[in-house]
Amino acid sequence: MTISIAHLGPPGTYAEQATVFYANWLTQTTATKATCRPYSSIAQSLQAVASGQTQLAVVPVENSIEGSVTMTMDTLWQLDTLQIQLALVMPIAHAFISNATSLDSIQTVYSHPQALAQCQGWLGQFLPNVQLIPSNSTTEALQRLDQDMTAAAIASSRAAQIYHLPILASNINDYPENCTRFWVVSQSQDDLINTSPNPTHTSLAFSVPANLPGALLKPLQVFAQLGINLSRIESRPTKRSLGEYLFFIDLEADVKQAQMQSALAQLTTYAEIIKIFGSYHVLPISIEA
């Protein structure tokens, strides 16, 4: 069997690197072959799965420096048919890539907003006056560097190799222990590949009926009283009205466990809408992969 996996492109992005690792791991563990299909945004990658263009997508959800990837969270909430199969955690090491002869000649730096933010200390120290231009991905701007000797991009050393571009500085992220968590997402009704036979985490989101005292405390107390640990909680605007929020949480439990079933039953008392994105385990990625 051969499946297709959507990811943020073009080739050379960290999402593609995570996808390649996952595809290789999938072949080794299940004998399933996979092809990688790049899309120009995270939302398009998830929509490709929802519409049946691909069977899976690998999308970033959280960085250890800059926090959550809001496009992933918002799109998952909007699309009702997607399910998390697996989490991948990959170390991130940014490189400064340019055809310029020195840092002094650099006038503009391109990269994904997350990458620019993860390197803001280095940029402030060595290039305080350059123009920072956000792009859809870390590799989107690499193809234009041959035509502009005053431009640079922040991407991976693997991307520099793919596009045959020189690296002027390596490991420029402000914190060395930089890593990104990705989710492998499928259609909720598809069980083509069960890559989490023993899930350790569950992700869900919920909205509350009204912005009142205790509106968030009461749902969270449900998990505390049942001894279920929350590893992440984050709010996002509902986009309906200012001051209305959704709450995304990651729980260290399988949704099939008795405590979780009890918690979800109680959660319905306090929540307006509940969406369970799936239970899964976490797979570390080797950066050499």
Side-chain angles (χ1 to χ4, degrees), residues 6-21 36 38-45 58-75 88-182 285 287:
H7 63 84
L8 176 64
T13 63
Y14 294 102
E16 189 220 22
Q17 187 171 356
T19 304
V20 169
F21 173 91
C36 302
Y39 288 81
S40 59
S41 72
I42 294 169
Q44 288 182 12
S45 300
V58 174
V59 292
V61 64
E62 183 182 22
N63 177 260
S64 59
I65 297 176
E66 283 303 302
S68 297
V69 181
T70 57
M71 184 180 289
T72 296
M73 297 164 62
D74 291 346
T75 307
L88 308 168
V89 177
M90 186 173 76
I92 303 294
H94 293 303
F96 193 76
I97 303 167
S98 177
N99 280 312
T101 55
S102 68
L103 293 180
D104 294 336
S105 58
I106 301 295
Q107 297 178 9
T108 54
V109 177
Y110 298 87
S111 196
H112 188 274
Q114 282 261 342
L116 292 173
Q118 291 163 28
C119 303
Q120 57 186 318
W122 187 91
L123 291 167
Q125 180 180 356
F126 293 102
L127 296 164
N129 299 316
V130 300
Q131 182 182 11
L132 305 180
I133 302 179
S135 55
N136 287 327
S137 72
T138 52
T139 58
E140 185 181 66
L142 292 181
Q143 297 174 358
R144 74 180 70 179
L145 296 186
D146 284 335
Q147 287 77 42
D148 189 350
M149 299 294 288
T150 67
I154 295 174
S156 67
S157 56
R158 175 175 175 268
Q161 295 172 358
I162 290 173
Y163 292 91
H164 307 290
L165 292 167
I167 295 174
L168 298 189
S170 298
N171 299 319
I172 67 169
N173 31 283
D174 297 333
Y175 298 91
E177 300 300 322
N178 185 15
C179 60
T180 294
R181 180 161 58 109
F182 296 84
I285 291 180
I287 196 64

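Excluded from the calculations below are hydrogen atoms, water molecules and symmetry mates; all remaining heavy atoms, backbone and side chain alike, are included. If you're wondering where the values come from, they're calculated on a predicted model, not measured in any experiment.
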Got a second to check how far [X]'s [atom1] is from [Y]'s [atom2], nearest 0.5 Å?
X      : Y      : atom1 : atom2 : result
Tyr110 : Ile133 : OH    : CD1   : 4.0 Å
Leu88  : Thr19  : CG    : OG1   : 8.0 Å
Arg144 : Thr108 : CZ    : OG1   : 8.5 Å
Ser157 : Ile97  : OG    : CD1   : 8.0 Å

Looking at side-chain heavy atoms only, is the closest gap between [X] and [Y] below 4.5 Å?
X      : Y      : answer
Leu165 : Leu142 : yes
Phe126 : Ile172 : no
Thr138 : Ile154 : no
Ser41  : Asn136 : no
Cys179 : Ser64  : yes

Once side-chain contact (heavy atoms from CB on, under 4.5 Å) is applied, do any residues pair with [X], and if so which ones, sequence neighbours excluded?
X      : value
Val130 : Ile106, Val109, Leu127, Leu132
Thr101 : Ser105
Asn171 : Ala93
Ser68  : Met73, Arg232, Glu234

[Y] backbone acceptor or donor facing [X] side chain under 3.5 Å:
X     : Y     : answer
Ser45 : Ala6  : no
Thr72 : Pro60 : yes
Thr13 : Gly9  : no

Residue pair [X] / [Y]: nearest heavy atoms and the distance that separates them:
X      : Y      : result
Leu145 : Ser98  : CD1-CA, 4.2 Å
Val58  : Ala18  : CG1-CB, 4.1 Å
Ala15  : Phe182 : CA-CE2, 3.6 Å
Ser135 : Ser137 : OG-O, 2.8 Å
Pro91  : Ile285 : CD-O, 3.3 Å
Ile162 : Gly12  : CD1-CA, 3.8 Å

**OP:** Just grab all the salt bridge (Lys or Arg N to Asp or Glu O under 4.0 Å) pairs involving residues 63-74, residues at least two apart or on different chains.
**Re:** Asp74-Arg236, Asp74-Lys239
Original post:
Do any pairs count as a salt bridge (Lys or Arg N to Asp or Glu O under 4.0 Å) and have a residue in residues 6-20, sequence neighbours left out, and if so which ones?
Top reply: Glu16-Arg158
Original post:
Quick one: side chain to side chain donor-acceptor pair (under 3.5 Å) pairs with a partner in residues 118-133, sequence neighbours left out?
Top reply: Asn63-Gln118, His94-Gln118, Gln114-Gln118, Gln118-Asn178
Original post:
Taking only residues two or more places apart in sequence or in another chain, which ones pass side chain to side chain donor-acceptor pair (under 3.5 Å) with Asp174?
Top reply: none
Subject >> Any residue meeting salt bridge (Lys or Arg N to Asp or Glu O under 4.0 Å) with Glu140, in chain and number order, not counting sequence neighbours >> reply: none
**OP:** Among residues two or more places apart or on two chains, list those pairs meeting ring pair (Phe, Tyr, Trp, His ring centres under 6.0 Å) that have a residue in residues 151-178.
**Re:** none
**OP:** Verify the neighbour count for atom CD of Glu177: are there more than 12 heavy atoms of other residues, nucleotides or ligands below 6.0 Å?
**Re:** no
Subject >> side-chain contact (heavy atoms from CB on, under 4.5 Å) assessment of Cys36 paired with His7 >> reply: CA-CA 7 Å; Cys36 302; His7 63 84; 3.7 Å; yes
Subject >> Pair Tyr14-Thr180, side-chain contact (heavy atoms from CB on, under 4.5 Å): steps then yes or no >> reply: CA-CA 9 Å; Tyr14 294 102; Thr180 294; over 6 Å; no
